[in-house]
Each structure stands twice: as C-alpha cells, then as structure tokens.
Asker: 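My questions all concern the structure below.
As the structure is a prediction and not an experimental result, all values here were calculated from the model. Below, chain A is the first sequence line, B the second, and so on; all start at residue 1. Atom set for the values below is all heavy atoms of this structure, side chains included, hydrogens, waters and symmetry mates excluded.
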There are 2 protein chains.
Amino acid sequence: MASLKDISRQCGVSVATVSKALNNHTDISEGTRERVRKAAKELGYSPNFSARALKTNKTHGIGVLFVDEARSGLTHDYFAGVLDSFKSTVEDKGYDITFINCSKKQPNRMTFLEHVRYHGFDGVVIACIDFGAPEVAELVQSDIPVVTIDHVFNNKIAIMSDNITGMTALTDYCISKGHKKIAYLHGEPSTVTTARLTGFYRATDKKGIVIPDEYVVGTKYRDTVGTYKETLKLLKMKDRPTCILYPDDFAALGGINAIREMGLRIPEDISVAGYDGIKAIIDREPQLTTVLQATDLIGERAAKKLISLIEKPKTTIIEQVVIPGTLKEGRTIADLTK
Amino acid sequence: MASLKDISRQCGVSVATVSKALNNHTDISEGTRERVRKAAKELGYSPNFSARALKTNKTHGIGVLFVDEARSGLTHDYFAGVLDSFKSTVEDKGYDITFINCSKKQPNRMTFLEHVRYHGFDGVVIACIDFGAPEVAELVQSDIPVVTIDHVFNNKIAIMSDNITGMTALTDYCISKGHKKIAYLHGEPSTVTTARLTGFYRATDKKGIVIPDEYVVGTKYRDTVGTYKETLKLLKMKDRPTCILYPDDFAALGGINAIREMGLRIPEDISVAGYDGIKAIIDREPQLTTVLQATDLIGERAAKKLISLIEKPKTTIIEQVVIPGTLKEGRTIADLTK
DNA sequence: CTCGCCTGCGCAACCGTTTGCTCTGATTTT
DNA sequence: AAAATCAGAGCAAACGGTTGCGCAGGCGAG
C-alpha cells in the first residue's frame, strides 16, 4: 500500500506537506495540492485508518450492542429495523459501526467495556439486551458516550418507544369497540413490559373496567409456544375474555393458532391484537390489529443524539426521547357495540 | 488510558518487556510477567487496537457488505439470519465485524474497496447486493480475501443456498400431489432466480409437464403488490392454474390475499407455496408450504471459509459451497390425487 | 531601504505496539 | 578453567499519519 511517504518521494515534498495537502489545510498552495492529489491517485494511495486513529485518538467508529437471549438482535424484526435506520443515519455522517463482540466462547474474551476501549469507539448504542447484566452497567457507567434504546439509565440518553401511550391507545381502542373482558398476555418483566402494563391499566382504570388477575399473564416475548398454552387456558375459563392482547405480533401467532384450533373465529368469536407492526404478519389477512413502532425514527434519533453527544458533549441535552407509535387498526378486533 | 509505557514505568522494566510479558512471550520470567500483569490490572491498562493494527498490519476485522435496494439487508429475514449466524461464528474466533459504509450521501465517500483498504479489514463477506455494480466488482477482484453469498464470481469462494434442488423438490412435491397446472411467479433476474427457474423446469420437464409461458411471470422479491396483481391475472385466466408458487414467503402474502379476495379457499380451490421459511409467516395457519433455507449453516460456512482464507490462504480451497434447503410441508398444497 | 507580514513548506515529535537483535550474567559443557 | 550455551531483559527502529512551530523568501507599506 502506498503511504504518504511514497507520495512525498514522488512529489519531492515532505510527508507533512502531503498530509496537509490531502486534508485540505489552507497553508498549501493550489499547485502543490494538485501535484499531490495526482500522485496519490497514480500510486493508488489509501489512507491508513489505524495510523490516523492512533494519532488523533478519534475513530469515527460506533460500537453496537444488540444482544438477544439467543444471539444478536439481528433476527428480531423490531431491533433489526432500528439498527437498519441507525446504521444508515450514522453512515451518512461518516461513522462506521462495529458490533461489540459478545461471544461467550472466546478463551480470553474482553468485557464489553474493554472491547470498546480497545477499539476506541467514539460512542456506543445499546439495545435489546439484559440491561441488568453487570457488564452492561460497567459500560454504561463509563465515560464513553452512550445511548440506550428502550431502557433508561441514570443520567444517560435513552430513546424510548412510547409503550405506555401505545398500549393505552390499543386498549382504549378495544374498549371503544365494546370490549370489557380484555385479557393481556404480556412479556417477561422489563422496562418495556412495565410500560405497557402501565398503559394497559391506565386505559382500563379510566373507564372503570376491572380486569381479573387471571386475565393478565406473563409469557415470553416472541414465543408462540407460551402464548399458545396460555391462550388455551384463557379460552377454557368459565368467564372467557372477549379479547386477548399479546406481547408482540409474533407471539400473537401462537394465540391465533390456539383459537383456530378450538374452532373459534377471529374476530367474530374472539378478538386479538399484537404489538410491533411486523410486516410479514400484519400484511396477511385477517390483518392483525397492532401498534406500529416507529423503528425508523427510533434508529434515526438514537444516531443523531449519539453523534451530537460525541461531537458536542457540552451542549447535548441528556434526556429521554420518547417516540410515539401508531395504532394500526386491522380486522381482528370485533365491534361489539353494534 | 494507561499504556505500556505507564506499566513499564511502574514496574521498572522496559516497554518491550511489558509487551512481551502481556503477550505471553517465552523469554520473560514468570516473576516479571506476574508483576507486569498486576500493574496492568492496577492501572486499568487497555491495549490499543490502532497501534497494534498499525504495527502488525492485522486488524482481526471483517467487513460486511449487505445491501438491499432499500437500505441494508438487515430487515431482510433471510439475510438477517445469515448475518446473525456469520457474526456469531466469527466472533467466536476473535474477529469483529464492521459494516462497509454504503451511504450515498457522504460528501467524499469512498468506494467499497477504498473503505476496506482504509480499515484494513482482513476479509470481506458480500451478500444481498447488486452484484453487477462496478464498485462491487472492483472489491471482489482485489486481493482482499472475499466470500460471496448466493452469487458466484470467478475464482472466489461462494456460499450458495441450493436453489436448484430446493425448487426442484418443491415443484416435485406439487406434482406428486397431482398438480399439473403450476404457475410460478419468480423474482427479478438474478443468480438466485435463475437457479430456481432451472429447478422448476427440471422438475416439470422430467415429468413431461408443459407449463404455458403465461404461467411463469417475474415479479419483485419481497413485494406483495406485484404478486397481488399477478395472482389476480392468473386467477382470471380461462385455464387457471391449480397451484401458484411465489418468489418468497413474504411475496406470497400478496398472492394469498388476492386469492382470498376472490372468494377462493386455500388449498381447496387453489394451492400456494413460498420460499425461504420465514418464521413469522410459516408459523401461522394455514401453514405455508415452502423451502426452508439453512441460514444458520450458510452464515457459519461463510464465516469458516473466510477465516480459513485469511489465516491459511495457501491451503484453502476456492470453491462454491452449496447448502441444501429443506422442503417444509405446510397445509397450502391440496392433494389432488385422492 | 528597511521593517513587518503573509504565504508556503519542512522539521520533528508523537501516538502505542511489536519485534529482531544485542547485551549481560549465570549456568552448563568439555 | 575456559568455552559454549542460555535465560531474561533492553534497545531502537518501525508502522503511517498529524500538527504546532519555525523558517525562508516575496511582497507591500512606510
């Protein structure tokens, strides 16, 4: 690989001059600059990231921590959407993204923080992870600029999908269609789940609707087996609900299959709704009623906030940005008012 | 950040000794090694990736080029699956992955190859992209170790999902259920499409089944609008097919909706099948018959091949690895033989 | 004519690591 | 006892690029 030295030799100027010429410093004459540029092109010069980073202590690199229980969050539609949007936003601004290695199999693996320091990432975005893990806390509490998604840490920027309002809207919608016996299979305990439960009860409380405890059950996110089983239980109750809300669109499929298996129709016999707005699910008839999370906006805001924090740490406001979702009315909630 | 120099000062030994001690060179006494390790821990030493990379000319970094028409391939279930598996495999072996910047919005953006050289990636994996783009060709034909997925370049390693056999199996299955009038809405021209068309005709030819040309139509991948329209056309034909095969599971949804809209039942009135095996689709009743692509295996093989090419360039065989898919029998193909 | 300023470029240090070679003192071999 | 070997540690250059400072020459102004 051609280096600055090669160009300097070719042009008969110093390495410093070459560097300045290529970086558009003002103290280089137009003539020299052109000669240098030409030589660079001829020699196939390629700047060296490592050398530059070593000297400037800036990498223009962002570390990404998207970890699912199973593996990375890549196969998780919601997070894949967020990441996709995040990626394209930071790339537009000249940042590159690298995954923070989360392999457990490595002989002497680094902690997340160690890995970040090693690479010298300018900032980090975290999502879809066990936020309680000590390793995550260590990273978040370091001096590295960090933005978290869907989880709030003290004194750190967080981008939050508005789960409270979203769930309230969804529940309100069900109530407005005349449903009173609404069951809610929610996800495992987490920031997100808590918010949605809050939203759920906020809606029912406001209308004075009392939801029996056995209607509200925790199941795993993105798991059809759990929802299948719990749905069967709900359907076999003496006082069966008229409407079942699921942790997410995918998990809803388990419920839908259970309902069909019992010979019941959706929405005539039983109404259902999901959460997320996964295209592969809501595009299919009967269209699932759900709450569409604005993954594009979430990723974009996360990216912009993080870059701002990196480039203007003083003036960047540390805050929780809440991104609203939108109720997506499908055809799986029956109108009982007619 | 503490550096080797800090440790050397603390321990009263040279920087070289510290480096060797931490890297387990054999010419350092156990005593010194221990003292160094202790000091490193105390000072919170973190190795510097850039310095190391600069010196050794090795980054242990892999560049990833997963570009969709829309944006990255992250929201594409198939590629997300492949990438996820790829990621975890290389991470287990101590490699990190960074996306090759494909933003078009950057003022003076680098070409893919320039970006790869800049970062000094040890290798590159390419998928889900317009393989005809000159920039991609430039990258592939460089001296950088490269593995492509689902596309063959001359003299380069390629990991291929076995689309020929997969499609043959699917078509055979339809034929075995007594279907003769099989329509195939395939994707836009590409390596993958060509392979599947080959597979399709191989199956029909073998059984001496003649497929009218108007039964075979190109539509976009992962697009429900196109398949919706084309399905309506097929259904309105005088001699309507009994079975329609779609470019992929997601695109199949458009067809399914069109069929339902015409008041037809699946599979009683018309049979359908997809391709890919997207969980959010095939887990729903009636389960879509499809071909499950082995994303896990594809990603893993791509990773292992690439790492082998990086670490043992001499002995690594340049070949096309073909990964079979599996027919997933759902409930959307009617049995006409009974 | 002299002074000061501006323009254009080079000097040299430095970023943190790695590694081949050298040096020293001790131990083993003959 | 002299020579050869060896373990353990340091020296110093090198990787490629950046940047504050200094310096020379040309110019206009006083």
Asker: Heavy atoms from C-beta onward define the side chain here; which of C/dG16, D/dG10, C/dG8 lies closest to that of A/Leu54?
Answerer: C/dG16
Asker: Please list residues of residues 43-52 of chain A whose heavy atoms come under 4.0 Å from any atom in DNA chain C, ordered by number; otherwise none.
Answerer: none
Asker: Round to a whole Å and report the spacing from CE of A/Met1 to P of D/dA14.
Answerer: 21 Å
Asker: Rounded to whole angstroms, how far apart are NZ on A/Lys58 and P on C/dC14?
Answerer: 23 Å
Asker: For the residue pair B/Ser85 and B/Asp296, confirm or rule out a side-chain donor-acceptor distance under 3.5 Å.
Answerer: no
Asker: Distance check needed: C/dG16 P versus A/Arg117 CZ, whole Å only.
Answerer: 14 Å
Asker: Side chain of B/Ser3, heavy atoms from C-beta onward: which of C/dG16, C/dG10, D/dG8 has the nearest atom to it?
Answerer: C/dG16
Asker: For B/Gly12, answer base if it contacts any base atom (sugar-phosphate contacts may also be present), sugar-phosphate if it contacts only those atoms, and nothing otherwise; contact means non-hydrogen atoms under 4.0 Å.
Answerer: sugar-phosphate
Asker: Using a cut-off of under 3.5 Å, enumerate the N/O to N/O pairs linking the protein to nucleotides 19-28 of chain D.
Answerer:
| from | atom 1 | to | atom 2 | distance (Å) |
| --- | --- | --- | --- | --- |
| D/dG20 | O6 | A/Lys20 | NZ | 3.2 |

Asker: Find the distance B/Asn57:CG to C/dT17:P and express it as a whole number of Å.
Answerer: 17 Å
Asker: Would you mind reading off the distance between A/Ile7 atom CD1 and C/dG10 atom C1', rounded to a whole angstrom?
Answerer: 17 Å
Asker: List the steps and the verdict of ring pair (Phe, Tyr, Trp, His ring centres under 6.0 Å) for A/Tyr78 and A/Tyr221.
Answerer: CA-CA 12 Å; A/Tyr78 169 67; A/Tyr221 277 107; 10.0 Å; no
Asker: Among residues at least two apart in sequence or on other chains, which ones pass ring pair (Phe, Tyr, Trp, His ring centres under 6.0 Å) with A/Phe49?
Answerer: B/Tyr118, B/His119
Asker: Starting from C1' on C/dC14, measure out to CG on A/Leu4 and report it in whole angstrom.
Answerer: 15 Å
Asker: Hey, is A/Glu34 close enough to A/Lys38 for a salt bridge, meaning N to O under 4.0 Å?
Answerer: no
Asker: Answer yes or no: is there a donor N or O on one side and an acceptor on the other, between the side chain of B/Glu114 and the main chain of A/Ser46, under 3.5 Å?
Answerer: no
Asker: Taking atom P of C/dT19 as reference, at what distance in whole Å does atom CD1 of B/Ile28 sit?
Answerer: 13 Å
Asker: Take a 6.0 Å sphere around CG of B/Asn24 and say whether it holds more than 12 heavy atoms from other residues, nucleotides or ligands.
Answerer: yes
Asker: Does the side chain of B/Lys5 get closer than 4.0 angstrom to OP1 or OP2 of C/dT17 through an N or O atom?
Answerer: no
Asker: Under 6.0 Å from the ring centre and within 45 degrees of the ring axis: does the NZ or CZ of A/Arg117 meet both conditions for the six-membered ring of A/Phe121?
Answerer: no
Asker: Run A/Asp96 and A/Ile62 through side chain to side chain contact (heavy atoms under 4.5 Å, CB included) and show every step you take.
Answerer: CA-CA 6 Å; A/Asp96 291 316; A/Ile62 290 176; over 6 Å; no
Asker: On DNA chain D, does the nearest nucleotide to B/Arg35 precede the nearest nucleotide to A/Ala2 from the 5' side, or the other way round? Give the residue.
Answerer: B/Arg35
Asker: Whole-Å distance between C/dC9 C1' and A/Leu22 CG?
Answerer: 15 Å
Asker: Nearest 0.5 Å please: distance from the CD1 atom of A/Ile7 over to the CZ atom of A/Arg35.
Answerer: 12.0 Å
